[in-house]
Amino acid sequence: MLELALLGILSDFQFVIQIFIMVSIMSFVLNHLGKGLLSMVVILVVFYVVFFIIPGLSEIVFILYSLLMIGFSTLLVDFFFITASAPQQQQAQEGEKPDLTGNELREKTAAMEKARHAGHQAAGMLQNMMRRGR
Amino acid sequence: MNSQGNVLIFILIAFAVVLLIPPVIITIFPPAKYLFALIMVFMVFSTVRAYLGDGIPTWIISGILIYFLVFKYLLVTSSLWVFQILLGVGFGSVIMWGVGTRFR
């Protein structure tokens, strides 16, 4: 049922697109050649080519032309700007490291504690030596 | 999925939301259907008249298009019309920018 409805919609819109193509061709030829026998012949030849030789291609090209005319290309430009900047921002966020990580801070504190302890020991030994020297 | 795929999905969702504006308006406020239909009729007729000028073919082709686009598929046509209007005034770029800010 859904497939039938969908196919119905598709065929109807295909028909509508063909009417729009037909109107576009008539307008184009009449604008260039004016009303007359020659323009009627040209219109019929173009109709034959568009609707009988390359029907699918002409519909696709007309849809693309319509999308580009209403500004779809600006959407594509915006999209590629956004998606191009997203990985760079991700890399930049990954590349930014803090000046001191937790492990480094812990190691540095332990080393300072050890040095302070060693300093106390050295000072104690020096005091003992000085006392013995007296 | 990588960030490009996420951006694409969010952009598609945003545009689907934009496309759903006319059906939602018509559902909430049913008389809006007649307003959309009137606008569509004027739009179709003026488009065809711009192509073919005044004459019998304009009336015939307008009638065919109005039957399909206004009476048969009003929701689809009004959604596409709103989408076209928003694209024309550059609202698509705003949506892209808005979605892009979510990934910074």
Side-chain angles (χ1 to χ4, degrees), chain A residues 5-35 39-40 43-44 46-47 62-63 65-94 96, chain B residues 1-12 14-15 18 40 44-45 47-53 55 57-58 60-73 75-77 80-104:
Chain A
L6 200 63
L7 284 175
I9 288 175
L10 286 180
S11 62
D12 284 345
F13 273 92
Q14 191 179 10
F15 179 64
V16 168
I17 287 168
Q18 283 175 349
I19 288 177
F20 272 112
I21 293 172
M22 191 176 76
V23 169
S24 303
I25 291 167
M26 285 169 68
S27 168
F28 183 79
V29 176
L30 289 177
N31 275 335
H32 282 82
L33 297 179
K35 286 181 181 175
S39 58
M40 291 300 127
I43 286 171
L44 288 176
V46 177
F47 278 0
F62 185 76
I63 290 170
Y65 171 74
S66 304
L67 285 174
L68 289 175
M69 284 300 287
I70 63 170
F72 194 72
S73 55
T74 55
L75 283 187
L76 291 178
V77 170
D78 289 338
F79 173 72
F80 287 117
F81 262 115
I82 288 172
T83 53
S85 63
Q88 287 173 2
Q89 285 167 357
Q90 199 175 352
Q91 283 175 0
Q93 283 174 357
E94 285 172 1
E96 283 176 6
Chain B
M1 189 176 283
N2 57 7
S3 58
Q4 284 189 1
N6 287 332
V7 172
L8 184 61
I9 287 171
F10 274 94
I11 286 169
L12 289 177
F15 282 116
V18 170
M40 292 295 120
V44 169
F45 183 72
T47 305
V48 176
R49 200 175 63 172
Y51 275 111
L52 298 179
T58 303
I60 294 170
I61 290 171
S62 297
I64 295 168
L65 288 176
I66 286 169
Y67 168 70
F68 280 106
L69 297 178
V70 179
F71 290 99
K72 208 169 177 185
Y73 301 113
L75 291 181
V76 178
T77 311
L80 291 175
W81 177 69
V82 168
F83 189 68
Q84 183 203 349
I85 293 291
L86 290 177
L87 271 186
V89 297
F91 195 73
S93 301
V94 177
I95 292 174
M96 289 283 185
W97 170 75
V99 172
T101 53
R102 303 277 301 167
F103 293 90
R104 282 178 192 164

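Numbered from 1 within each chain, the chains take letters A, B, ... in sequence-line order. Everything quoted here is computed from the prediction, not taken from an experiment.
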Measure the shortest side-chain to side-chain distance between [X] and [Y] over non-hydrogen atoms and say whether it is less than 4.5 angstrom.
{"X": "B:Ile95", "Y": "A:Asp78", "result": "no"}
{"X": "B:Phe83", "Y": "B:Val18", "result": "yes"}
{"X": "A:Ile9", "Y": "B:Val76", "result": "no"}

key: salt bridge (charged side-chain N to carboxylate O under 4.0 Å, His left out) partners of residues 6-34 of chain A, not counting sequence neighbours, each pair once   =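 Matches after skipping sequence neighbours: A:Asp12-B:Lys72.
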What part of [X] gets closer than 4.5 Å to chain A, counting heavy atoms only: side chain, backbone, both or neither?
{"X": "B:Tyr51", "answer": "both"}
{"X": "B:Leu69", "answer": "side chain"}
{"X": "B:Phe15", "answer": "side chain"}
{"X": "B:Leu87", "answer": "both"}

key: A:Phe28, part contacting chain B, at a heavy-atom distance under 4.5 Å   =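 Contact with chain B involves no heavy atom of A:Phe28 at all.
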query = Relative to chain B, which segment of A:Ile19 carries a heavy atom at a distance below 4.5 Å: side chain, backbone, both, or neither?
reply =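 Just its side chain gets close to chain B.
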key: Partners meeting side chain to side chain donor-acceptor pair (under 3.5 Å) with A:Gln14 (sequence neighbours left out)   =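 Side chain to side chain donor-acceptor pair (under 3.5 Å) check on A:Gln14 returns A:Glu59.
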